[in-house]
Amino acid sequence: MNHGKSMLIKALLLFPVIWIVLTGFNEVSFTDSTIVAVVLYVVAYIGDMLVVRNAGNTVGTIGDLLLGTLVIWFTLVLLGYNDIFGEALAAGLILTAGEYFYHKWLIHNLFEETAEPIGNI
C-alpha cells in the first residue's frame, strides 16, 4: 500500500483549495487557512481510508462534503471567525468535486492493489 503517493495527491488537492477559497477570496489569514487545511487533511485522509475502502466512492464523496464543510467551519469558529459557514460550504463543495476523482484513483490504485483475492484457497 503506497500511502505516501496517496497522501501527496490528497495534499495537492486540499491545500490549494483551502488557501484560495479562505485566504484568496475571504479574510482568513494564510496561517489560519493552513491550520484548517492540516486539520481537514488528517481527518479526511483517515476517513478516506475507512469509508471509501468499505463503502465506496458515492458514500465517501457525500461524507467528504459533510465532513469537509463541518471541519472547516468548526475549525474556523475555534480560530475566532464568525459568520463563516458560507465560506466553509463553498470550500467543501469545491473539495467534493475533486474528492470524487481522488476516490476513483484510490479505489483503482491503492485499494485494489491490497485486496485479497476472494475464493482462492
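- Note that OG of Ser6 is 5.5 Å distant from CH2 of Trp105, once rounded to the nearest 0.5 Å.
- Summarising the geometry of Gly60 relative to Val51, their closest heavy-atom pair is CA-CG1, 3.9 Å, with the distance given to 0.1 Å.
- When each of Val52, Asp48, Leu40 is paired with Asp64, the side chain to side chain contact (heavy atoms under 4.5 Å, CB included) condition holds for Asp48 and for no other.
- Taking the side chain as every heavy atom from C-beta outward, Ile84 and Val28 approach each other to under 4.5 Å.
- Counting only residues at least two apart or in different chains, side-chain hydrogen bond (donor to acceptor under 3.5 Å, both in side chains) contacts with residues 65-85 comprise Asp32-Tyr81.
- You'll find the side chain of Phe74 stays beyond 4.5 Å of the side chain of Val39, heavy atoms only.
- Residues Leu66 and Tyr45 fall into different hydrophobic clusters, defined by Ile, Leu, Val, Met, Phe, Trp and Tyr side chains chained together at heavy-atom separations under 4.5 Å.
- Following chains of ILVMFWY side-chain contacts shorter than 4.5 Å, one cannot reach Ile46 starting from Val59, and the two form parts of different hydrophobic clusters.
- Residues passing the ring-ring contact (aromatic ring centres under 6.0 Å, His included) test with Phe30, sequence neighbours excluded: Trp19.
- In the hydrophobic clustering of ILVMFWY residues, with side-chain heavy atoms under 4.5 Å counting as a link, Ile94 and Phe25 come out apart.
- Taken from CD1 in Ile35 to OG in Ser29, the straight-line distance is 7.0 Å, to the nearest 0.5 Å.
- The minimum heavy-atom distance linking Ala37 with Leu14 is given by the pair O-CD2, 3.4 Å.
- Linking Ile, Leu, Val, Met, Phe, Trp and Tyr whenever their side-chain heavy atoms come within less than 4.5 Å leaves Tyr41 and Leu12 in two separate clusters.
- Distance CG/Leu76 to CG/Leu22: 5.5 Å, rounded to 0.5 Å.
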- Item | Audit row: Val36, Val71, side-chain contact (heavy atoms from CB on, under 4.5 Å) steps and yes/no | CA-CA 8 Å; Val36 169; Val71 167; 5.9 Å; no
- Start with the C-alpha gap between Val38 and Phe15, add the side-chain angles, then the distance that decides, and say whether side-chain contact (heavy atoms from CB on, under 4.5 Å) holds. CA-CA 8 Å; Val38 168; Phe15 279 81; 3.9 Å; yes
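- No continuous path of hydrophobic side-chain contacts links Ile107 to Ile62 [ILVMFWY only; heavy atoms under 4.5 Å].
- Two residues are said to be in side-chain contact when any heavy atoms from C-beta on lie closer than 4.5 Å; Thr61 and Leu65 fail this criterion.
- Using a 4.5 Å heavy-atom threshold, the side chains of Thr23 and Ile18 count as separate.
- Residues Met49 and Leu106 meet the side-chain proximity criterion, which asks for heavy atoms closer than 4.5 Å.
- Taking both residues in full, the closest heavy atoms of Val21 and Glu87 are given as CG1-O, 3.9 Å, listed atom of the first, atom of the second, then distance.
- Under a 3.5 Å cut-off, the side chain of Asn57 and the backbone N or O of Tyr100 do form a donor-acceptor pair.
- Between Ala11 and Pro16, the closest heavy-atom pair is O-CD, 3.6 Å.
- Smallest separation of non-hydrogen atoms from Leu13 and Leu95: O-CD2, 4.0 Å.
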